[in-house]
Amino acid sequence: MILNIAAYHFVAIDDPQALADALLARAQAADLRGTLLVAPEGLNVFLAGQAPAVRDFVQALRAEPGLAQIVIKESWSDAVPFARLKAKVKPEIITFRHPGSEPLGRDRAPAVTPQTLARWLDQGHDDAGKPVRLLDTRNEEEVGHGTFAGALTLPITDFTQLPEALAPHRAALADATVVSFCTGGVRCEKAALWMHDTGMANVLQLEGGILGYFEQVGGRHYDGACFVFDDRLALTPDLRPVAAG
C-alpha cells in the first residue's frame, strides 16, 4: 500500500526557494511523488510513496525551523496517485488575493474540532444554543463529489471568487455560528481570517478540513465523497479512493 500525506502550515519562511529546493531534493532521494508548494507565508504538501520513506520525510520536515507542529493527514492507495514530483514557489500557498486573509503576525481564526462539530450537528445547535451553518469554501466541481448535509455552497470556479459569491448571504448568516470548511483546512482558514476582518466575527474554521473530519469522525452528516487533487479523484469517508489509481 502507498501512503499519501497532505499537510499545510502557515509560518514565515525567509527563503522559500531554498526550502523548496531542499525539500525537493529530499523527496527525490526518497522516491516520492506529489507537489510541494512554498511561499513566504508557509507551505502546502501533497506527497505519496512507500510508508517508511514518507515517514522519514515527515520527520525531516518537522526538523525544519517553525515546522515542528505541522499536522499531517494520512490516507492510503494501491498506487502512487501522482505522475511526478514537483516543487513550486508562489506568493501564497493557496491563491486568494484579498486583504485581510494574511495569516502571519496574528492569531489564527477560531477553530472547531471535528468531534465538536459532529456533536453540534447531532444536537442541532452549538453549545450556546445558536444554529450552526456550514459554509463550503470549495469550488463547484469539488462540491459535486460531496459536501456536508445542508451546507451553503457557492457558485464559484476559483477560490478568489468567494468574497463576491458570499456577499448575498452575509446577512442571513449573521445570527448563526458559521463553520467554514474545505478539503484539508488551508482555504477555510484563509476564508475565516478574511471573514473576521470584514465583520463576520461569528465564523469558525473546521480544524483539518473534510479530510480531518473523515479521519476523526467518519462520514456522519456528510453526503458523498471528498474531491482530492490527484489521480484518486475523491476519497470516501473511510479515506479510500473512489477511483482506482
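- Both Ile5 and Val11 are assigned to one and the same hydrophobic cluster, defined by single-linkage of ILVMFWY side chains at heavy-atom distances under 4.5 Å.
- Residues Asp175 and Lys130 fail the side-chain proximity criterion, which asks for heavy atoms closer than 4.5 Å.
- Within the structure, ring-ring contact (aromatic ring centres under 6.0 Å, His included) pairs that include any residue of residues 199-222 comprise Phe148-Tyr213, Phe148-Tyr222, Phe214-Tyr222 (at least two apart or interchain).
- Shortest non-hydrogen contact noted between Ala165 and Ile156 is CB-CG2, 3.5 Å.
- Within 6.0 Å of CG on Asp14 lie no more than 12 heavy atoms contributed by other residues, nucleotides or ligands.
- Counting heavy atoms from C-beta on, the side chains of Leu206 and Ser180 never come closer than 4.5 Å.
- Residues Asp136 and Thr147 have side chains that bring a donor and an acceptor to within less than 3.5 angstrom of each other.
- Here the side chains of His125 and Thr177 are not in contact, with every heavy-atom distance at 4.5 Å or above.
- To the nearest 0.5 Å, atom CZ of residue Phe96 and atom CD of residue Glu189 are 12.5 Å apart.
- A donor-acceptor distance shorter than 3.5 angstrom exists from the side chain of Thr198 to the backbone of Met195, with no hydrogens or angles considered.
- Residues Leu61 and Leu43 are in side-chain contact: their nearest non-hydrogen atoms beyond the backbone lie under 4.5 Å apart.
- Counting only distance, with no hydrogens or angles, the side chain of Arg33 and the backbone of Phe82 share a donor-acceptor pair below 3.5 Å.
- Tracing side-chain contacts under 4.5 Å through hydrophobic residues (I, L, V, M, F, W, Y), one never reaches Leu121 starting from Val203; they form parts of separate clusters.
- Here Ala149 pairs with Asp223 under the side chain to side chain contact (heavy atoms under 4.5 Å, CB included) rule; sequence neighbours left out.
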Identify each donor-acceptor pair in which a side-chain atom of residues 67-74 lies under 3.5 Å from a protein atom, sequence neighbours left out, and give them as a table.
unit_1: Lys73; atom_1: NZ; unit_2: Gly184; atom_2: O; d: 3.1
unit_1: Glu74; atom_1: OE2; unit_2: Arg55; atom_2: NH1; d: 2.6

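- Atoms CD and CG, from Glu215 and Leu235 in turn, are 11.5 Å apart once rounded to the nearest 0.5 Å.
- When atom types are taken as modelled, the side chain of Gln205 and the backbone of Ala109 share a donor-acceptor pair closer than 3.5 angstrom.
- For the atom pair Leu117 CG and Leu204 CG, the distance stands at 9.0 Å (nearest 0.5 Å).
- Salt bridge Lys190/Glu92: present, at least one basic N to carboxylate O contact under 4.0 Å.
- Rounded to the nearest 0.5 Å, atoms CE (Met1) and OG (Ser77) are 6.5 Å apart.
- Expressed to the nearest 0.5 Å, how far CZ of Arg108 lies from CZ of Phe10 amounts to 9.0 Å.
- No chain of hydrophobic side-chain contacts below 4.5 Å, direct or via other Ile, Leu, Val, Met, Phe, Trp or Tyr residues, connects Phe57 to Leu37.
- Atom NZ of Lys88 is surrounded by 12 or fewer heavy atoms from other residues, nucleotides or ligands within 6.0 Å.
- Under the 4.0 Å criterion applied to side-chain N and carboxylate O atoms, Arg106 and Asp197 are assigned as salt-bridge partners.
- Checking side-chain atoms of Gln28 against main-chain N and O of Leu32 turns up no donor-acceptor pair under 3.5 Å.
- Within a 6.0 Å radius of CG in Asp122, other residues, nucleotides and ligands contribute more than 12 heavy atoms.
- Residues Ile2 and Asp78 fail the side-chain proximity criterion, which asks for heavy atoms closer than 4.5 Å.
- Residues Leu166 and Trp194 have side chains in contact (heavy-atom distance under 4.5 Å, counting atoms from C-beta outward).
- A distance of 11.5 Å separates CG of Leu47 from CZ of Arg26, quoted to the nearest 0.5 Å.
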Inset, instruction - Show your working on side-chain contact (heavy atoms from CB on, under 4.5 Å) between Thr35 and Val45 and close with a plain yes or no. - result: CA-CA 6 Å; Thr35 302; Val45 176; over 6 Å; no
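- Ala111 and Glu207 get closest at one heavy-atom pair: CB-OE1, 3.3 Å.
- Between Ala225 and Val242, the shortest heavy-atom contact is CB-CG2, 3.7 Å.
- Shown here for Gly49 and Val54, the closest heavy-atom pair between the two residues is N-CG2, 3.6 Å.
- No continuous path of ILVMFWY side-chain contacts below 4.5 Å connects Tyr8 to Ile210, so the two sit in separate hydrophobic clusters.
- The two residues Ala7 and Asn44 come nearest to each other via the heavy atoms O-OD1, 3.1 Å.
- Judged by distance alone, the side chain of Glu41 and the main-chain N or O of Ile93 form a donor-acceptor pair under 3.5 Å.
- Panel note: side chain Asp158, backbone Gln161; no donor-acceptor pair is recorded below 3.5 Å.
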Inset, instruction - Apply the test side-chain contact (heavy atoms from CB on, under 4.5 Å) to residues Arg133 and Leu152: give CA-CA distance (whole Å), side-chain angles for both, the deciding distance (0.1 Å), then the verdict. - result: CA-CA 7 Å; Arg133 290 297 310 276; Leu152 172 61; 3.7 Å; yes
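- Inspection of the Glu142 and Asn139 side chains reveals an N or O donor paired with an N or O acceptor under 3.5 Å.
- Val80 and Val58 are members of different hydrophobic clusters when ILVMFWY side chains are connected at heavy-atom separations under 4.5 Å.
- Nearest heavy atoms, Ala51 versus Trp76: CB-CH2, 4.0 Å.
- More than 12 heavy atoms of other shown residues, nucleotides or ligands fall within 6.0 angstrom of atom CG in Asp127.
- Remark: side-chain polar atoms of Asp126 are not paired, donor with acceptor, to backbone N or O of Pro131 under 3.5 angstrom.
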Legend entry - Full working for side-chain contact (heavy atoms from CB on, under 4.5 Å) between Leu233 and His145: CA-CA 9 Å; Leu233 182 64; His145 291 271; 3.8 Å; yes
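- Inter-residue side-chain proximity for Ile13 and Pro40 is flagged as unmet; no heavy-atom pair is nearer than 4.5 Å.
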Inset, instruction - Take Met200 and Asn202, measure what side-chain contact (heavy atoms from CB on, under 4.5 Å) needs, and give me the verdict at the end. - result: CA-CA 5 Å; Met200 293 181 68; Asn202 57 326; 3.8 Å; yes
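- Between Leu193 and Glu102 there is no side-chain heavy-atom pair separated by less than 4.5 Å.
- Counting only N and O atoms by type, the side chains of Arg240 and Ser75 include no donor and acceptor under 3.5 Å apart.
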